[in-house]
Amino acid sequence: MMNLNPKQQEAVETIEGSLLVLAGAGSGKTRVITHRIVHLIEQAGVPPWKILAVTFTNKAAGEMKSRVEATLDSELRTSSPLISTFHSLCVRILRRNVESLNAGYTRNFTIYDQDDQVRLVRQIMKELDIDDKSLTARQALGAISSAKNRGTLPAAYANQGEHVTERNERIARIFKLYEERLKKANAFDFDDLLIRAVELLRRVPEVRQYYHDRFRHVMIDEFQDTNGIQYDLAHLIAVGSARKDGAVNPAGFWHERSLCVVGDIDQSIYSFRGSDFNIILGFQHDFAGTKIIKLEQNYRSTQTILDAANKIIECNRQRLPKTLYATEELGQGEKIGYYQAYDAEGEARFVTDRIADHQRQTPDLRSVVLYRTNAQSRLFEEALRRRGIAYNIVGGFSFYDRAEVKDIIAYLKLAMNPRDDIAMARVINSPPRGIGKTTIDVLQSKQRDLGVSLWETVELAVANRAVGPRATSALEGFTHIIKGLGDRVVEAQPLSEIVRAATLDTGYVRSLEEEKTVEAEGRLLNIEELVTAAVEAEEHGESLQDFIDHAALVSDTDQYKADARVTLMTMHSAKGLEFPIVFIVGTEEGLFPHSRALASEEDLEEERRLCYVAITRAQQQLYITHAMQRRIFGEEDVTEPSRFLNELPLELMQNLSSGPSWLGFAERPETRHNREAAAAMRSESPRPVKKTSNYAGKTYNSVEGVREFFKRRSGSGAETQPSRTERPKSREAGADSAASGSGSQFRVGARVKHEKYGTGVVLRTEGAGEDAKLTISFPGYGQKKFVAKFVSLEKA
DNA sequence: TTTAGTACACTTTTT
DNA sequence: GTGTACTAAA
């Protein structure tokens, strides 16, 4: 590890008082935090357990933990600093002390993840007879979550704002029941974990004092992403009082005590989740005498990449001026590769080709594909798989999201906490055991009358023979299974034993085995994997409770494998990571920036910050791509290039697109240069990177290319229509001039002028000669179709 | 009660 | 394109 620069050093050695480190991307932020922890322990003699470092993701926490462990002198490792996410910290606090809240929760509470929350809201909406398209469970949940984070109570919800709308009134009703149900189920949702922990620290002085006394040194990473409640929590621990009690700064307060927050406003990308970068802006006012250290020296990226990042972020108004400086030795670096694809498939093909290229050159160079939405991953996965390139995907469906895994976890949750209605509803009839819709309806209406948990309702129903004999015996069978699992828990059987029992005693595995389908096979494998995970957790000394908590709190980003050579993930997940090669894909208006962010300036700036985060992940080479058309919801849509492309200086980019492309390359003097450069790169391989590559020639010369060409000639349909990005194929096939019978000006990719619609780009040609059908995209008018002989077009 | 088949709604981003 | 929710038939 290289030495610390003076500013980093200062941050490491400031171990008393409040400290705000404004750390630009790649400025060695994690290094500063880890060194600071090690410094506290080794130089200042602080016992490790008095140190608390909070991060946002398990991934970041894990990374920090292992770095500290690696750096720390093993003799001093008598205890460990607590390095944890906000959520895990809260679970820890609550598991220890919920009962002193006297709010009816017990320490074996369950955590409802998003899926559980949606199920609960759906159930409530059904009960309240709220069933129309204008309010989905997800929307209601979103409204409830943000209300909870603002501290709004259900009773106050309908009255907020100017007037009571019907929608708000309905949400308020759902909200009220939702909170009641959670409490009855002895369950916390993600928001509750924070809210209740804060409430606990606020209301119970002994508990607050315990944590305040224990954690003399508190550090918070990614501080720009904290929300009000998280800040409250940190404040309660670090200061020992609630935030609104005013600034506490009695003399000597900071003796052997510190609060160090690290963040970067330009990387604030979670405001949709309630994070508020005004907190970081207000920090120095909340804590008089705060020392501020700015880290602007970037150790990660080339000058070109940093120039691009700086230029993009300068377009934002809401920020503090900051410029990243590259280190000398990394130099200017390669230009940013720009590629305009015809469609999303072409984009994926380009990226895959490039990756193959880089891998041939330098096998262990890591690359990452960054997209805005998880849905974009599919095409890249397919393209990579076709090419036989191994990849690691982060996000989307995580292991713990799989139905079978959740089912087994639900059995375990139920064994721990029979009041967990959602878990119960989930598994009461899976595998099918004869407890069908009718029975469940009866049970639920009974439950409503009784006002008890589903579990108790079932016990009563069985005792009173309230349902038919078949259903009764089925219900008895079910409760017997759960009780059996509960007994194992009480007997403190080994974790792996209990998990195994949850897969076997419940009949889950048997039922899957009987299915004898490919899907069932896959599910069985997942269940096996879950058991393996339990065995491992047991070896780490985890309890069943830990194991279940883990399943609820792991995030998708935790699947990130640092050594994977190719990684696919969202730009959000990429925060905090770095890669030699980065592809930013799908830079199209409506996708990135996302359509949901176009309405307000603030949201747009957040998208821009996301762009900044994405760019600054790159160490050596950055590629930015977009497609001219893309399927959205299965519908083909013509796209418009992202405004962010316009904000990048052209001189930093090189055009790798095959034909004329958007981005003003066509209009600017350097166009020819760029285009020639691109062409030269393909055929002559002037750059060393291309030398050993057969990508440009051979691949496109292949039989497939020729076949592709003939397919197009026969006009067999849109999906076989090669894009202009594929034109090298036809060119290599020596058939360029014959490619389109309707004349060269109507080739795909040609720019044409229409008297009414102005200048457009030919997207697609079908058929040949004067009967050819042309699909042309006109900015501002969208996609238009013409028959060649009926339209007058000029070459533009 | 279960299952198979079809309509449908859906996509930001995550602890 | 895809996963889920509802409906009709076994």
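As the structure is a computational prediction, the values presented were derived from the model and not from experiment. Proteins get letters first, then strands, A, B, ... in listed order; numbering begins at 1 in each.
For B:dT13 and C:dT4, the C1' atoms lie 22 Å apart once the distance is rounded to whole Å.
Considering only side-chain N and O atoms, A:S88 lies nowhere under 4.0 angstrom from the phosphate OP1 or OP2 of B:dT15. Taking only side-chain nitrogens and oxygens, A:N374 comes nearer than 4.0 Å to OP1 or OP2 of B:dT13. Distances shown here put every side-chain N or O of A:R273 at or beyond 4.0 Å from the OP1 or OP2 atom of B:dT13. The phosphate of B:dT15 has neither OP1 nor OP2 within less than 4.0 Å of any side-chain N or O from A:N227. Between A:R122 and C:dT4 there is no side-chain polar atom (N or O) within less than 4.0 angstrom of OP1 or OP2. Put simply, A:S573 has a side-chain N or O that comes within less than 4.0 Å of OP1 or OP2 on B:dT14.
Contacts of A:Y270 with the nucleic acid, taken as non-hydrogen atoms under 4.0 Å apart, involve only primed sugar atoms and P, OP1 or OP2. In this structure, A:R631 reaches neither bases nor backbone, as no heavy-atom distance under 4.0 Å exists between it and the strands shown. Among the heavy atoms of the strands lying under 4.0 Å from A:F56 are primed sugar atoms or P, OP1, OP2 only; no base atom is included. Among the protein residues, A:T439 comes within range of the sugar-phosphate backbone only, with heavy atoms under 4.0 Å from sugar or phosphate atoms but none that close to a base.
One atom, CD of A:Q376, and another, P of C:dG1, lie 17 Å apart when rounded to the nearest Å. Between the CG atom of A:L194 and the P atom of B:dT14 there is a distance of 18 Å, given to the nearest Å. Between the CG atom of A:L475 and the P atom of B:dT1 there is a distance of 10 Å, given to the nearest Å. Rounded to whole Å, atom P of B:dT1 lies 12 Å from atom CD1 of A:I428. Rounded to whole Å, atom P of B:dT14 lies 17 Å from atom CG of A:N149. The distance from atom CG of A:D115 to atom P of C:dA5 is 10 Å, rounded to the nearest whole Å. Straight-line distance from the CE atom of A:M571 to the P atom of B:dT13: 11 Å, rounded to whole Å. Remark: C1' of B:dT13 and NE2 of A:H594 are 9 Å apart, rounded to the nearest angstrom.
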*Dump the intermediate steps for side chain to side chain contact (heavy atoms under 4.5 Å, CB included) on A:R386 and A:T352, then the final yes or no.*
CA-CA 10 Å; A:R386 252 199 302 275; A:T352 313; over 6 Å; no
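In terms of position on DNA chain B, the residue among A:D603 and A:N429 whose nearest nucleotide sits closer to the 5' end is A:N429. With the nearest nucleotide of DNA chain B identified for both A:T438 and A:Q117, A:T438 has the one nearer the 5' end.
Of the candidate nucleotides B:dT3, C:dG1, B:dT14, C:dG1 has the atom nearest to the side chain of A:R378. Looking at the side chain of A:R470, the nearest of the listed nucleotides C:dT2, B:dT11, B:dT1 is B:dT1. Here the side chain of A:T85 is nearest to one of B:dT15, B:dT13, B:dT1, namely B:dT15. Closest approach to the A:T570 side chain among B:dT15, B:dT13, B:dT11 is made by B:dT13 (side chain taken as heavy atoms from C-beta onward).
A:Y178 is linked by a ring-ring contact (aromatic ring centres under 6.0 Å, His included) to nothing, counting only residues two or more places apart in sequence or in another chain.
Interatomic distance, CG of A:L475 versus CD1 of A:I440, reported as 9.0 Å (0.5 Å rounding).
In this structure, the side chain of A:D221 does not engage the main chain of A:T30 through any donor-acceptor pair within 3.5 Å.
With respect to A:K413 and A:D116, a salt bridge is recorded, a charged nitrogen being found less than 4.0 Å from a carboxylate O. A salt bridge links A:E606 to A:R609: at least one charged side-chain nitrogen sits closer than 4.0 Å to a carboxylate oxygen.
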